[in-house]
*Asks:* 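Structure below; questions to follow.
What you see is a predicted model; the values in this text were computed from it and never measured. Heads up: numbering here begins at 1 and tracks the sequence.
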Amino acid sequence: MFIRQFEYLDALAREKHFRRAAELCNVSQPTLSSALAQLEDELGVLLIERDPRFQGLTPEGEIVLSRVRRVLVEIEMMRAEVAEAREGLSGKLRFGVIPTALPLAVHVTAPFCVACPAVTLEVLSLTSAEILERLANFELDAGMTYLDNEPLPGVLAKPIYAETYCLLTRADGPLGGRESIAWAEAAELKLCLLTSDMQNRRIIDGIFRSVGTSPKPAMETNSIFNLCTHAALPGVNSIASTQVLELFGPPQGVKAIRLVEPDARRMVGLVVADRQPAPPLARKLMQTATPLR
């Protein structure tokens, strides 16, 4: 066996297509296919379902893939540690961020970029479930997600800020003169909320349940931008993170009203896979990040 075979199998599992996997690895398709066939011969099992195109990995292939990814991460960690000892950290940091925290992610990435100028950064907008899955599958180095709402298995966490919530409504509408509104009263309004696959929506639904209500939104979106801008429509109100609005302000003609009773908040922070030794880039990101005041 050799490392390139492991890289080919990992690429094929990600791309689910022989040609695209070969392009990702900068080799010809016959080269990639031949190397994977040799790996199957060496292990004495079929790893890939072919008919004749890629149909997925066999159960044995999934077992091998999980070990292969661990080996590749260990190799990358070794390279990073050697490079760090010689000339400082380099490489790519893959950082997944929940959509509601994207505007604030720069407070985490900026000090890291200053401390590690040779490292390139890839920031991806992902749901909280996708972040946990990709951390477990060695596809992310770190994530930024909610810490105190749903279980976070297999990760180390560092709090960054407490998310609070407000109602967005037209400034010239019937609620435009208000400074606060109770969650129970907001439940009776025509609401635009995030889609249920996003944890922010599940948090909002949980707060409504805590006051004995269950609103049926008139509009749903998976875009923070659309969530905020649709509050400018007559009769439509949105519920958004106060912290996002503190950075960019509400859209023109829209007012943010504090949601009270309860004064709800959820902690957002960094997460990295709980592995020892910790990968150098993930470790450095945790060291440089500081909580927001």
*Asks:* Honestly curious: do L168 and I181 fall in one hydrophobic cluster under the side-chain, below-4.5 Å linking rule?
*Replies:* no
*Asks:* Determine whether L292 and V97 fall in the same hydrophobic cluster, where Ile, Leu, Val, Met, Phe, Trp and Tyr are linked whenever their side-chain heavy atoms lie under 4.5 Å apart.
*Replies:* yes
*Asks:* Could you give me the CA-CA distance, side-chain angles and deciding distance for M219 and K190, then say whether side chain to side chain contact (heavy atoms under 4.5 Å, CB included) is met?
*Replies:* CA-CA 8 Å; M219 303 177 66; K190 184 177 182 180; 5.6 Å; no
*Asks:* For I3 and I75: C-alpha separation, side-chain torsions, deciding distance, then whether side chain to side chain contact (heavy atoms under 4.5 Å, CB included) applies.
*Replies:* CA-CA 9 Å; I3 294 172; I75 291 170; 3.6 Å; yes
*Asks:* Testing the basics here: between P262 and I207, what is the closest heavy-atom pair and its distance to 0.1 Å?
*Replies:* CG-CG2, 4.1 Å
*Asks:* If you measure from the Lys or Arg side-chain nitrogens to the Asp or Glu carboxylate oxygens, is any gap between D10 and R14 under 4.0 Å?
*Replies:* yes
*Asks:* Will you find, in the side chains of S128 and T145, an N or O donor that is under 3.5 Å from an N or O acceptor?
*Replies:* no
*Asks:* Without swapping roles, check the side chain of N237 against the backbone of T169 for a donor-acceptor pair under 3.5 Å.
*Replies:* no
*Asks:* Heavy-atom distance under 4.5 Å between the side chains of Q199 and Y146, does that happen here?
*Replies:* yes
*Asks:* So, E7 and R69, do they make that salt bridge, N to O below 4.0 Å?
*Replies:* no
*Asks:* So, does T58 use its side chain to make a donor-acceptor pair with the main chain of L46 at under 3.5 Å?
*Replies:* yes
*Asks:* Please name the pair of heavy atoms, one in R94 and one in D141, separated by the smallest distance, quoted to 0.1 Å.
*Replies:* N-OD2, 2.7 Å
*Asks:* Counting only heavy atoms not in R50, do more than 12 sit closer than 6.0 Å to its CZ atom?
*Replies:* yes
*Asks:* Under 4.5 Å between any side-chain heavy atoms of W183 and Y165, yes or no?
*Replies:* yes
*Asks:* Would you name the heavy atoms of D197 and R202 that are closest together and state the gap between them?
*Replies:* O-NH1, 3.2 Å
*Asks:* Just by modelled atom types, is the M286 backbone N or O under 3.5 Å from a matching donor or acceptor in the K158 side chain?
*Replies:* yes
*Asks:* Judged by atom type as modelled, is there a donor-acceptor pair below 3.5 Å linking the side chain of E130 to the main-chain atoms of T127?
*Replies:* yes
*Asks:* Please tell me whether V244 and V254 are part of a single hydrophobic cluster in this structure, the criterion being side-chain heavy atoms less than 4.5 Å apart.
*Replies:* no
*Asks:* With no hydrogens and no angle check, just 3.5 Å: does a side-chain donor-acceptor pair link S28 and T31?
*Replies:* yes
*Asks:* Run the numbers on I160 and H107 for side chain to side chain contact (heavy atoms under 4.5 Å, CB included), then give the verdict.
*Replies:* CA-CA 9 Å; I160 298 298; H107 291 289; 5.8 Å; no
*Asks:* Can you tell me if R178 uses its side chain to pair, donor with acceptor, with the backbone of S180 under 3.5 Å?
*Replies:* yes
*Asks:* Side-chain heavy atoms under 4.5 angstrom apart, residues restricted to Ile, Leu, Val, Met, Phe, Trp, Tyr: same cluster for V236 and L193?
*Replies:* no
*Asks:* Testing the 3.5 Å rule here: is there a donor-acceptor pair between the side chains of S33 and Y8?
*Replies:* no
*Asks:* Hey, is the main chain of K284 close enough, under 3.5 Å, to the side chain of T288 for a donor-acceptor pair?
*Replies:* yes
*Asks:* Sub-3.5 Å donor-acceptor pair from the side chain of R70 to the main-chain atoms of F138, do we have one?
*Replies:* no
*Asks:* Consider side-chain contact (heavy atoms from CB on, under 4.5 Å). Of V45, I48, L9, which one does E40 pass it with?
*Replies:* I48
*Asks:* A282 and V272: which non-hydrogen atoms are nearest, and at how many Å?
*Replies:* CB-CG1, 3.9 Å
*Asks:* Is there a donor-acceptor contact under 3.5 Å from the side chain of S238 to the main chain of L227?
*Replies:* yes
*Asks:* Can L36 and L47 be said to form a side chain to side chain contact (heavy atoms under 4.5 Å, CB included), step by step?
*Replies:* CA-CA 8 Å; L36 291 176; L47 303 177; over 6 Å; no
*Asks:* Testing the basics here: between A182 and E261, what is the closest heavy-atom pair and its distance to 0.1 Å?
*Replies:* CB-OE1, 3.8 Å
*Asks:* Quick one: does any side-chain atom of E220 pair with a main-chain N or O of C192 as donor and acceptor, under 3.5 Å?
*Replies:* no
*Asks:* Linking I/L/V/M/F/W/Y whenever any side-chain heavy atoms sit under 4.5 Å apart, do L121 and M144 land together?
*Replies:* yes
*Asks:* List the atom of L126, the atom of G96, and the distance in Å for their closest heavy-atom pair.
*Replies:* CD1-CA, 4.0 Å
*Asks:* Please examine the side chains of T242 and L245, heavy atoms only from C-beta on, and report whether any two atoms are closer than 4.5 Å.
*Replies:* no
*Asks:* Between N222 and T195 (side chain of the first, backbone of the second, donor and acceptor by atom type, cut-off under 3.5 Å), is there such a pair?
*Replies:* no
